[in-house]
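First the structure, in the form of structure tokens, and then the observations on it.
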Amino acid sequence: MESLSPVLSPTAVKFSYPKLASMAAYAATLPSFSFTSMASAQRRTPTSIHSAKPTKTLSATATTNPISVPPKKVLVPIGYGTEEMEAVIIVDVLRRAGADVTVASVEPQLQIEASCGTKLVADTSISSCSDQIFDLVALPGGMPGSVRLRDCAALQEITRKQAEESRLYGAICAAPAVTLLPWGLLKRRQTTCHPAFMHKLPTFWAVKSNIQVSGGLTTSRGPGTSYGFALCLVEQLFGESIAKEIGESLLICPDDEKSKKEEFNDVEWSFDHIPREGVNAKLNLWREVLESKGLRLSRSKTEYMECKFSANGGQNELGVLIPVANGSEDIEVVTIVDILRRAHVDVIVASVEKSVRILGSQGTKIIADKLIGVAAESTYDLIILPGGNAGAERLSKSRILKNLLKEQELAGRVYGAVCSSPAILHKQGLLKGKKATAHPSIVSKLTNEVINGTKVVIDGKLITSRGLSTVTDFALAIVSKLHGHARARSVAEGLVYDYPRS
């Protein structure tokens with residue numbers, strides 16, 4: 001495992017891959033979406049590095065043999081309280097490498113609510129996986145998600161057989177200590193886990209590294225080390241060259257090659273909020289007026305008026321809107337939501353589709369909080385557009401979203417975009433006179449001043465990022481602007497993510 005030396009140290013994961021061609025369009029159009037049909041299609045066809053020219057499908061070894069090799073089968077179990085960043089990054093990265101990934105629920109239902117409130121839908125129930133053989137079983141962490149995995153007898157049996165038959169298995173965050181340890185699957189294995197659970201591991205075998213490989217077992221520390229963990233699993237399944245290609249496609253690069261953040265036209269992101277009691281006073285006055293006329297406010301009308309009063313005077317909590325569509329980059333959506341909610345920011349995920357059910361770019365099934373029409377009844381301190389070429393194309397067609405973005409700029413409120421979505425802002429004239437960055441595949445389409453040598457660019461009340469792996473820095477930059485550097489650093493420590501002290 002010499003090739004994994006960069007990710008086995010306790011410091012931040014670093015990769016120095018040869019530069020690949022920029023990724024081109026994901027898919028021009030995604031007509032109609034069925035969770036079953038599209039997810040199965042994603043599992044059947046290995047993801048290739050996107051390029052303007054036809055490219056070879058990623059495989060472990062190049063061959064001219066026409067005999068097809070079955071894809072590597074991977075099981076990722078999820079339950080109530082699973083850490084969403086970990087689960088989605090593992091699934092996304094392995095699917096990009098060509099693995100047939102099955103997301104299985106350990107709950108009675110397929111839909112689960114993850115640790116920071118993201119609603120995910122599994123492909124199947126864990127009971128349907130008991131008679132299958134997997135090349136890898138990878139357990140995400142999170143609490144109480146790790147406990148829910150631990151208490152699932154079917155998953156315990158699958159993972160125990162995996163270890164006994166010398167096939168690969170792994171766990172991240174709390175799962176090594178909370179799930180694998182009680183099952184007896186850490187014996188004589190050097191293991192790492194989230195710092196909050198290190199005391200549970202046998203002292204002699206506990207290792208404070210970001211990634212630890214010990215025989216067939218791979219363990220890691222937390223959401224901030226998920227990319228390194230997933231790429232380590234890709235390398236074991238497919239080889240070093242594929243792991244390097246995937247790492248480059250995720251825009252992972254050495255920290256000294258790309259600075260984390262640059263800011264221009266520095267302004268404070270301040271918001272004139274009225275206290276919640278101010279909103280309540282308005283509502284009470286409204287009720288008194290209606291009652292004097294023999295009328296009353298219904299519950300639904302009260303909630304609506306609360307939204308309107310809050311919109312007029314500012315909400316008590318910072319409000320962030322994240323519009324999503326079929327084909328949105330699942331990593332970007334989930335990472336931004338996860339990190340902002342950890343910082344106690346009120347985040348609303350709104351679907352521009354006819355349903356709140358969204359199928360991400362790599363087959364992750366997400367349930368949005370609201371439809372965009374309902375979400376548009378409120379005002380938001382910040383609107384963030386996730387990327388994914390197919391998702392960005394669908395976002396750009398939403399008239400409601402276009403109006404929200406125009407209002408956001410006219411009102412002097414903050415807005416941002418990552419990956420391919422800065423192109424949406426460009427089309428609406430919202431990048432005029434601004435410095436920005438974007439995914440390498442679309443920077444040539446932006447006529448404003450593009451900053452290529454950084455992960456995150458802030459220009460006044462505009463924030464943009466290259467996308468994929470850079471969205472962690474993007475979300476932490478937002479936390480820093482909203483709540484200060486100390487809060488951002490505190491969140492980063494919980495993620496086990498390397499973040500500057502000042």
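The structure presented is a predicted model; accordingly, all values stated were derived computationally and were not measured.
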Checklist entry - Who are the salt bridge (charged side-chain N to carboxylate O under 4.0 Å, His left out) partners of Glu268, not counting sequence neighbours? => result none
Item to check | Student check: side-chain heavy atoms of Glu83 and Pro140 closer than 4.5 Å | outcome: no
Item to check | With Tyr499 via ring pair (Phe, Tyr, Trp, His ring centres under 6.0 Å) - residues at least two apart | outcome: His485
Checklist entry - Quick one: does Met143's side chain get under 4.5 Å of Ser115's, heavy atoms only? => result no
Checklist outcome for this item: Only one of Val137, Leu149, Thr179 passes side chain to side chain contact (heavy atoms under 4.5 Å, CB included) with Thr159, and that residue is Val137
Item to check | Ser130: partners by side-chain contact (heavy atoms from CB on, under 4.5 Å), with sequence neighbours left out | outcome: Ala154, Ile158
Next on the checklist: Tell me every residue that passes side-chain contact (heavy atoms from CB on, under 4.5 Å) with Ala392, counting only those two or more places apart in sequence or in another chain.
Outcome noted: Ser420, Ser421, Ile424
Checklist entry - Can you name the residues that form a salt bridge (charged side-chain N to carboxylate O under 4.0 Å, His left out) with Arg189, not counting sequence neighbours? => result none
Item to check | Any pair counted as side chain to side chain donor-acceptor pair (under 3.5 Å), so long as it reaches residues 134-150, sequence neighbours left out | outcome: Glu107-Arg148
Checklist entry - So does Lys161 have more than 12 non-hydrogen atoms from other groups sitting under 6.0 Å from NZ? => result no
Next on the checklist: Using a strict threshold of under 4.0 Å (side-chain N to carboxylate O), is an ion pair present between Glu493 and Arg489?
Outcome noted: yes
Item to check | Lys481 with Asp266: basic N within carboxylate O range, under 4.0 Å | outcome: yes
Checklist entry - Hey, what do you get for CZ (Arg342) to CG (Leu495), rounding to the nearest 0.5 Å? => result 4.5 Å
